[in-house]
Amino acid sequence: MSQVSLHLQTDITPVHVAIIMDGNGRWAKKRMLPRTAGHKKGADAVRRVIESSVELGVTHLTLFGFSSENWQRPKEEVDALMGLLRYYLKNEVKRLHKEGVRIRFIGERDTLSDDIVHSIEEAENLTQNNKQLVLTVALSYGARAEIVHVTKCIAQKIKDGTLDIDQIDEDQLANELYTPY
């Protein structure tokens, strides 16, 4: 029986894996470490997840790394998280590019600092033709915020006269999502 279940587990590879990066602060607190140590440990785990995803043949990996609600955390913690982001954008993107990883970011970029947005754009441009793995990183992202974004985009098109209300359908909504299909 064990061989059958093991065999099935190794033959089935998901196409898309999504991970909510949560619990790093609790991990650190449990070990009497600062929350930032937990965030660093979580960021280090991302490298292993990406490598494992490529090795297993996963084609899409989405990491929910920083929600729009996370801006409410203490400034020191937010600054530390943004510092980690800067570090990984500077030090990991070229390696991921060499491994064939396409990097995409979703979320409200206007809440991020200009240098981070610039690094994000550089990473997306550098890796845009890679096909080994599509890595989508959700930063300053929230599902409700995305719904508001979609609603405003469609409302603006109706206001501008470029879209009629009767043209709104699933495809129109999908086209306005952060990850259109």
Side-chain angles (χ1 to χ4, degrees), residues 16-54 58-130 132-153 156 176-180:
H16 189 164
V17 173
I19 298 172
I20 299 172
M21 297 170 58
D22 190 24
N24 297 323
R26 289 185 298 278
W27 177 91
K29 183 178 179 182
K30 190 175 182 180
R31 288 159 179 77
M32 293 189 230
L33 297 169
R35 288 180 62 83
T36 54
H39 296 310
K40 171 76 171 86
K41 194 75 164 173
D44 291 342
V46 167
R47 178 182 296 120
R48 294 189 307 274
V49 168
I50 294 169
E51 289 169 356
S52 295
S53 295
V54 169
V58 173
T59 59
H60 290 75
L61 174 64
T62 300
L63 302 175
F64 290 88
F66 188 85
S67 75
S68 50
E69 293 84 15
N70 286 157
W71 291 109
Q72 304 307 312
R73 291 183 179 200
K75 182 181 180 336
E76 306 80 45
E77 186 174 355
V78 171
D79 289 347
L81 287 165
M82 292 300 121
L84 273 173
L85 176 59
R86 284 182 180 94
Y87 174 84
Y88 281 95
L89 283 168
K90 180 180 179 185
N91 295 293
E92 295 292 322
V93 170
K94 288 179 184 167
R95 182 182 63 79
L96 292 172
H97 176 56
K98 287 179 185 173
E99 293 175 12
V101 176
R102 178 181 178 192
I103 306 170
R104 299 177 63 208
F105 292 86
I106 60 171
E108 298 175 343
R109 291 185 187 194
D110 59 341
T111 59
L112 301 168
S113 67
D114 291 343
D115 67 306
I116 289 175
V117 172
H118 179 73
S119 294
I120 284 171
E121 290 170 351
E122 283 183 339
E124 288 177 327
N125 289 334
L126 176 67
T127 64
Q128 67 185 339
N129 296 318
N130 294 346
Q132 186 69 37
L133 172 73
V134 177
L135 171 63
T136 302
V137 181
L139 292 175
S140 195
Y141 174 84
R144 290 179 180 165
E146 185 171 16
I147 291 168
V148 169
H149 164 81
V150 168
T151 304
K152 285 181 176 180
C153 288
Q156 187 64 52
E176 302 300 338
L177 293 171
Y178 293 135
T179 54

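All residue numbers in this chain count up from 1 along the given sequence.
With a 6.0 Å radius and a threshold of 12 heavy atoms from other residues, nucleotides or ligands, Asn125 has its CG atom above the threshold. Counting heavy atoms of neighbouring residues, nucleotides and ligands inside a 6.0 Å radius, atom CZ of Arg144 does not exceed 12 of them. The local environment of CD1 in Ile19 is crowded, with over 12 non-hydrogen atoms from other residues, nucleotides or ligands closer than 6.0 Å. Within 6.0 Å of atom NE2 in His16, more than 12 heavy atoms from other residues, nucleotides or ligands are found, so the atom counts as buried in its surroundings.
Side-chain contact between Arg86 and Ile116 is present, with heavy atoms from C-beta onward closer than 4.5 Å.
Note that OG1 of Thr127 and CG of Leu135 are 8.5 Å apart. Values are rounded to the nearest 0.5 Å. To the nearest 0.5 Å, atom CD of residue Glu176 and atom OG1 of residue Thr151 are 10.0 Å apart. Taking CG of Leu84 as the reference point, atom CZ of Phe66 lies at 11.5 Å (rounded to 0.5 Å). To the nearest 0.5 angstrom, Arg48 atom CZ is 12.5 Å from Ser53 atom OG. Note that SG of Cys153 is 10.0 Å distant from CG of Leu177, once rounded to the nearest 0.5 Å. To the nearest 0.5 angstrom, Leu61 atom CG is 11.0 Å from Ile103 atom CD1.
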*Under the side-chain contact (heavy atoms from CB on, under 4.5 Å) criterion, do Leu139 and Ile120 qualify, and how do the steps go?*
CA-CA 10 Å; Leu139 292 175; Ile120 284 171; 3.9 Å; yes
*Between His118 and Asp114, is a side-chain contact (heavy atoms from CB on, under 4.5 Å) present by the stated rule, with each step listed?*
CA-CA 6 Å; His118 179 73; Asp114 291 343; over 6 Å; no
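The pair Glu108-Lys152 does not meet the salt-bridge criterion, since no charged nitrogen lies less than 4.0 angstrom from a carboxylate oxygen. Between Arg95 and Glu51, at least one side-chain N (NZ, or NE/NH1/NH2) sits under 4.0 Å from a carboxylate O, which counts as a salt bridge.
In this structure, Arg73 and Leu81 approach most closely via the heavy-atom pair NH1-CD1, 4.3 Å. Shortest non-hydrogen contact noted between Trp27 and Ala37 is CZ3-O, 4.3 Å. Of all non-hydrogen atoms in Met21 and Gly65, the two that sit nearest each other are SD-CA, 4.0 Å. Looking at every heavy atom in both residues, Tyr178 comes nearest to Ala145 through OH-O, 4.3 Å. Counting all heavy atoms, side chain and backbone alike, Leu133 lies closest to Val58 at CD1-O, 3.3 Å.
Inspection of the Tyr88 and Asp44 side chains reveals an N or O donor paired with an N or O acceptor under 3.5 Å. For Thr136 and His60, the side-chain atoms include no donor-acceptor pair closer than 3.5 Å.
Distance alone, capped at 3.5 Å, is enough to place a donor-acceptor pair between the Glu124 side chain and the Phe105 backbone.
Exactly one of Lys98, Glu99, His97 qualifies for a side-chain hydrogen bond (donor to acceptor under 3.5 Å, both in side chains) with Asn130. That residue is His97.
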